[in-house]
Every structure is written in C-alpha cells, then in structure tokens.
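Please read all numbers here as calculations on a predicted model, not as lab measurements. The figures here come from the full heavy-atom set of this structure, side chains too, leaving out hydrogens, waters and symmetry mates.
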Amino acid sequence: MSSSAAPSGTGSSRIRSWWGWGYADAHPGDAECAALGSLLPGTHPRPLPLPRVADLRIGRPVVAPPPALDHLISTDPDVRAAHAMGRAYRDIARALRGRPGRIPDLVAHPLRDTDVTDLLDWAGGQGVAVVPFGGGTSVVGGVEYRGDTHRAVLSLDLTAMDRVLEVDAVSRSARIQAGALGPALERQLRPHGLTLRHFPQSFEFSTLGGWLATRAGGHYATERTRIDDFVQGMTVVTPAGSGTSWRLPASGAGPSPDRFFLGSEGAFGVITEAWMRLQERPRFKASASVAFTDFHRALEAVRAVAQSDLAPANCRLLDPGEALLSGAAQDGSSVLVLGFESATAPVGDRLADALELARAHGGRGGAGDAASAGDGAPADAAVSAWRSAFLRMPYLRDGLARMGAVVETFETAATWDRVPDLVDAVRTEVGAAALKATGNPATVNCRLTHVYPDGAAPYFTVAVAGRPGDEVAVWDEIKAAACEVLHRYRATITHHHAVGRDHRPGYDAQRPEPFALALRAAKDALDPRRVLNPGVLVD
C-alpha cells in the first residue's frame, strides 16, 4: 500500500499541521503562546507541548482492500492521524491531550468517479464506514467517525480530484472536480479571466466539494453569500448509483436534485464534481470603516445598508471586543467594515451612499480605501487590521488552546426583529455558563458576518481559561448553553458551519418531522448499508 498521501493541488510545499489549523510553520511559538495566555486569567504558566503522531496509539488496520484498490490506499500513521478529525476547538484540545478519537484504518485518494464507486462498493460489502474528506477544516465534527458500529473506517480524501475540467466562457461557468482546494481552483480559472470568488476563512485549506457538502458561506456579506448561489449542476456518487443534474441557469421542475445534495455532508452520496457559475475578476474596489459608540445603533445602521439596494461585498460589524482583538479600534468602539467591488464600473458612489446611511445612525469616520479604483485614496487602517486578523485568528486560537484556554466560535442567523435581543442574551447567558463551568470570567464577543434584508448572521467568539485536562467538557457545557439560547430565539443552529455531529441535537429540533422522515427514507434508499458518514444528519 502507498505510504505517501499528501493532498494534491495545494500549490504549496509547506507542511500542513496534522492536529491544528493550517500550516505547521505558521503556529505561534511557545513565547507567543505564553503572551496570549497572559491575556486570560487562569491559563497555564507554560504551553502544552506540541502533539506528536508517534505518541498516539495507532493500531494496524483491521481490514485490507482488494488488490485492485490497493494503489488508492494509504495506511501511513501520519496520514491516518491527519484524517482522524477536523479543526474545531474540540479537535485541537483532544489532539493536545493525545486523544484524537477514532483514527481511520485506511485513507483513500480516488482519482476518478469510478474509483469512488469501487471504494463504496467494497466498503459496503465489508461493513466499513466511509467518511468523505476534503480539506479537513470541519469545525462541527463532520469528518470524524464516532461510535463502534462499523468494523473499520475509511477516510475518503477527494483532494487528488482537483482539476478544472471544462470552462464555458460564453455561459461563464466551469466544470470542476470536488477535491480542488480554493487556491488551486482559482489558479486554474485565472488564465480565463474568470473567478468563482468564494472565499471562506478556510479558503486556503478547504475544497469545492467541502463547500458544497456543507453549504459554506463565503466572503460576500450580501446577496451571493453562500456556495449555493454559484451551483449550476452536480455529479454525485452514491452506493445506489451515480447521477448528474442538468446544468441550467434556473429551473422550476420540481424539487431540485442539487438542493438535496447541497448540505448533505456526505450522508447520502459523495459529490465528485460540479458546474459552477463564475464571474469576471473585479477591477474596481473600495472599502472603508465606520466607528460607533453604541452597538445597537450600529445594528440599525447595518440593517439600513442591508435593506438598501447597495449590495456591499463586505458588510462586517465588529463589536468592541472583536474590534479590539483585530486592531480595528482600541477605544471601545464598534466598527463596521464596508467594501464594494465590480468588474465593470467604479464603486465609489455606492460606498459613499453606504457611509451616508451609516453616519445617519451615529457612525463616524469612513475616509475609505479606493486606491484600486484609481483615485489614490489612502488605505483604511481599520479595514487592513481586520483583514490581517481574520486570517490569523485560527492560529491564535490554537496557541491559546496550548495554554489551557477554551477558545471557540459559533454562528447563527435570525430575523432582524430578534437580532438585538439574541446578541444580548448570548453574551449574558453564555458568559454566565462559562463562569460556572470554569470559575473564570469569560470574554464573549460578537460580529455580523453576513446580512440580508430580513435578518443577519451573528458570529460569536468565546474565550475563557478552562479546567486543566477537562477543556473539552467545559466547551461542551458552554456550547449547550449557547444552543439553548439560539433555540429559544428561533435562531438557526448554524448559518454556514454545517451540522456535522456536534450540531445534530439543534438540527433535529429545528427541522420539521415530515422532512426528517423524508431524509431517513432517502438514507435507506441511497445508502442501505449505512456506511456513508454515519451519524451525520440522520441515524
């Protein structure tokens, strides 16, 4: 069996961390970890050591694939460990304590759809669980196996299927394999002058298939906020057979097959490729930040912008805590980051109109950055600081985890009439739950990541010193309190982070029972041997 199974298509020779976020060489060193820990009372005096695969108990695989599939399979301990879990705080904390969970017996790297079919056929006959795997950035337990129902576990890594297969410049769309990581996908589209322009925070380390299977949110704060908005058609391989939906700009022909598999998280089939809507690369950009002394007035300003026809690409509201952490403001202000872009026309007027709306609700500032539009305006320091902090934040979370801190995020969406009270309740009740669980004061910050005319998506960050050796249980207690608040306010269990295994209770409570009945029937029909990502969406 092959022992080299580094994901293809990364476009980088840097080594991915097997246990933490991103690249191994980008993680904070011990001194930086200690400096981060000093910001939270009650953390360790020194960081936990970096975990090593050599210290894990990784047994021999209990199954062996047939010779015809052997060239697709790796049993290398490093590769298996890197596929054991996602990159949620629970995963990081477990890895630091040497308890990553069930390590897959085998990791497969199919090269084409027929390989996926063959692997599913073999796994079904052997009672082997199959967990589809893209970039491994799941933060909801979506790529790990929990339980003991199956005799063995196969991680099905799609990253060798990473090509843009066809570009239709007339229709501005492309057929792309699901294993393409964000940078590889964009690199292949660039010669055509086109872009998918879907940039989640995990862009560098996540795949098209992962975005589709989790209904991922991207960088657009309004209008085209989700990967759903870019899908023309998909190919899905299931244990019951393969199928490809027609590539169409729109259709009213009954329930959509694409909509069924979007967000299905590998529970019903494996997405192997998709036709995606593209756009021209933007040439005109303008951005600015606006500060507010009152967070609730800032919410009103964001609602006014969202209910206008301005459609900013970026409309992120940071509360004082988020603004402080990102360096966007040091004076206790909330900060609204606005950005506009276009491939065809200057966007300065749209930015000016949005700034006028924000100032009408108490905002101040907003000189902006329209240098890329050709007017030579100076860069907005708050916008630049937020961009840098946004990409660095997951690494800092892992550094704080080494100091015994519990640092994690959760996000939701609710209608505007509920958003202000929801944010206040989460801050109060989640903060109280963290204090009760740890005896230490917690920081609970909020930002809005996506906004709509009828509502918004608040995104919360919790940071508190944990109980030594019991950090995962602490987070579970805090997350339970958060989920209770979300349910009470009829806010979704997730806006764009998927359900996985961690959000199953919230998802079960949110979905209507007749729909749950339909999902269970679909599982029976498409995956009768129950090998695909067991425990996700349906039992």
Problem set entry | Ion pair check, Arg94 and Glu144, cut-off under 4.0 Å | yes

Exercise. Can you tell me if Ser245 uses its side chain to pair, donor with acceptor, with the backbone of Met234 under 3.5 Å?
Worked result: yes

Problem set entry | Over 12 non-hydrogen atoms of neighbours within 6.0 angstrom of CD in Glu356 | no

Exercise. Under the 3.5 angstrom rule, does the side chain of Glu341 hit a backbone N or O of Pro282 as a donor-acceptor pair?
Worked result: no

Problem set entry | Ser264 side, atom OG; Asn533 side, atom CG - distance, nearest 0.5 Å | 9.5 Å

Problem set entry | Working for side chain to side chain contact (heavy atoms under 4.5 Å, CB included), residues Leu355 and Val290 | CA-CA 8 Å; Leu355 291 173; Val290 186; 3.3 Å; yes

Seminar exercise, completed: Value for SG (Cys446) from CZ (Phe295), rounded to nearest 0.5 Å, stands at 4.5 Å

Exercise. Would you find a donor on one side and an acceptor on the other, under 3.5 Å apart, between the side chain of Arg226 and the backbone of Ala216?
Worked result: no

For this session: Return yes if a side-chain donor-acceptor contact under 3.5 Å exists between Thr494 and Glu411, otherwise no.
Result: yes

Seminar exercise, completed: Closest heavy-atom pair, Trp416 versus Leu299, reported as atoms and distance to 0.1 Å, is CZ3-O, 4.0 Å

Seminar exercise, completed: Scanning both residues in full, the closest heavy-atom pair of Pro534 with Tyr145 reads CG-CE1, 4.0 Å

Exercise. Is it true that Glu166 and Arg247 have a side-chain N and a carboxylate O under 4.0 angstrom from each other?
Worked result: no

Exercise. Under 4.5 Å between any side-chain heavy atoms of Ser242 and Thr117, yes or no?
Worked result: yes

Exercise. Would you say the ring centroid of Phe205 lies under 6.0 angstrom from that of Tyr23?
Worked result: yes

Exercise. Between His109 and His83, how do the two ring planes meet: parallel, tilted or perpendicular, split at 30° and 60°?
Worked result: perpendicular

For this session: Output, in order, the C-alpha distance, side-chain angles, deciding distance and verdict of side chain to side chain contact (heavy atoms under 4.5 Å, CB included) for Phe203 and Trp211.
Result: CA-CA 9 Å; Phe203 168 78; Trp211 302 340; 4.1 Å; yes

Problem set entry | Arg520/Glu513 ion pair, N-O < 4.0 Å | yes

Problem set entry | Electrostatic pair Glu484:Arg488 at N-O distance under 4.0 angstrom | yes

Problem set entry | From Arg303 atom CZ to Leu448 atom CG, the distance as rounded to the nearest 0.5 Å | 12.5 Å

For this session: Would you indicate whether the side-chain heavy atoms of Leu158 and Thr207 approach each other to under 4.5 Å?
Result: no

Exercise. For the atom pair CG (Leu324) and OG1 (Thr443), what is the distance rounded to the nearest 0.5 Å?
Worked result: 9.5 Å

Problem set entry | Where Val536 and Arg504 come nearest, the two heavy atoms and their spacing | C-NH1, 4.3 Å

Exercise. Taking all non-hydrogen atoms of both residues, which atom of Phe292 and which atom of Ala358 are closest, and how far apart?
Worked result: CE2-O, 3.6 Å

Problem set entry | Quiz item: cation-pi between Arg224 and Tyr220, 6.0 Å / 45° | yes

Exercise. Val337 and Ser287: side chain to side chain contact (heavy atoms under 4.5 Å, CB included), yes or no, with the steps?
Worked result: CA-CA 7 Å; Val337 177; Ser287 60; 5.8 Å; no

For this session: Answer yes or no: does atom CG of Asp229 have more than 12 heavy-atom neighbours from other residues, nucleotides or ligands under 6.0 Å?
Result: yes

For this session: Indicate whether the side chain of Asp157 and that of Ser155 have a donor and an acceptor atom separated by less than 3.5 Å.
Result: no

For this session: Quick one: sort the Phe268 and Phe260 rings into parallel, tilted or perpendicular, breaks at 30° and 60°.
Result: tilted

Exercise. Side chain of Gln201, backbone of Phe390: donor and acceptor closer than 3.5 Å?
Worked result: yes

Exercise. What about His450 and His496, are their ring centers closer than 6.0 Å?
Worked result: yes

Exercise. With a 4.0 Å cut-off, would you call Asp91 and Arg87 a salt bridge?
Worked result: no

Exercise. Is the backbone N or O of Tyr89 less than 3.5 Å from a side-chain atom of Glu408, with the two atoms forming a donor-acceptor pair by type?
Worked result: yes

Exercise. Are Thr412 and Val426 close enough that some pair of their side-chain heavy atoms sits under 4.5 Å apart?
Worked result: no

Problem set entry | Side-chain touch Val499/Val140, heavy atoms, less than 4.5 angstrom | no

For this session: Anything under 30° is parallel, anything over 60° is perpendicular, the rest tilted; go ahead and classify His198 against Phe230.
Result: perpendicular

Exercise. Any idea which heavy atoms bring Ser202 and Trp21 closest together, and the distance?
Worked result: CB-CH2, 3.6 Å

Problem set entry | Pair Arg175 + Glu273, salt bridge at N-O below 4.0 Å | yes

Seminar exercise, completed: Closest non-hydrogen atoms of Leu318 and Ala328, given as atom of the first, atom of the second and distance, are CD1-CB, 4.0 Å

For this session: Take Asp539 and Lys523 through the salt bridge (charged side-chain N to carboxylate O under 4.0 Å, His left out) test and state the conclusion after the steps.
Result: CA-CA 9 Å; Asp539 293 325; Lys523 181 73 169 176; over 6 Å; no

Exercise. Any donor-acceptor pair under 3.5 Å linking the side chain of Glu186 with the backbone of Arg197?
Worked result: yes

For this session: Answer yes or no: is there an ion pair linking Arg187 with Asp162, defined by an N-O contact shorter than 4.0 Å?
Result: no

Problem set entry | Sub-4.5 Å side-chain heavy-atom contact between Thr409 and Phe460 | no

Problem set entry | Ser256 side chain to Asp258 backbone, donor-acceptor under 3.5 Å | yes

Exercise. Just by modelled atom types, is the Thr449 backbone N or O under 3.5 Å from a matching donor or acceptor in the Arg316 side chain?
Worked result: yes

Exercise. Are Asp476 and Arg90 ion-paired here, with the side-chain N under 4.0 Å from a carboxylate O?
Worked result: yes

Problem set entry | Main-chain N/O of Thr222 paired with Thr225 side-chain donor or acceptor, under 3.5 Å | no

Problem set entry | salt_bridge(Asp115, Arg112) N-O dist < 4.0 Å | yes

Problem set entry | Validation row, ring centre His503 to ring centre Phe410 under 6.0 Å | no

Exercise. Are there more than 12 heavy atoms of other residues, nucleotides or ligands under 6.0 Å from atom CZ of Arg392?
Worked result: yes

Exercise. Is any side-chain heavy atom of Met276 less than 4.5 Å from a side-chain heavy atom of Leu185?
Worked result: no

Exercise. Is Pro104 close to Leu154 at the side-chain level, that is, under 4.5 Å between some pair of heavy atoms?
Worked result: no

Exercise. Given the rule in the side chain to side chain contact (heavy atoms under 4.5 Å, CB included) test, do Val462 and Val406 qualify, once you have shown the distances and angles that lead to the verdict?
Worked result: CA-CA 8 Å; Val462 182; Val406 176; 5.9 Å; no

Problem set entry | Sub-4.5 Å side-chain heavy-atom contact between Leu119 and Pro110 | yes

Seminar exercise, completed: Output for pair (Thr214 OG1, Glu265 CD), nearest 0.5 Å, gives 7.0 Å

For this session: Can you measure from CZ (Arg163) to CD (Gln188) and round to the nearest 0.5 angstrom?
Result: 8.5 Å

Exercise. Counting only N and O atoms by type, is there a donor-acceptor contact under 3.5 Å from the side chain of Arg215 to the main-chain atoms of Leu262?
Worked result: no

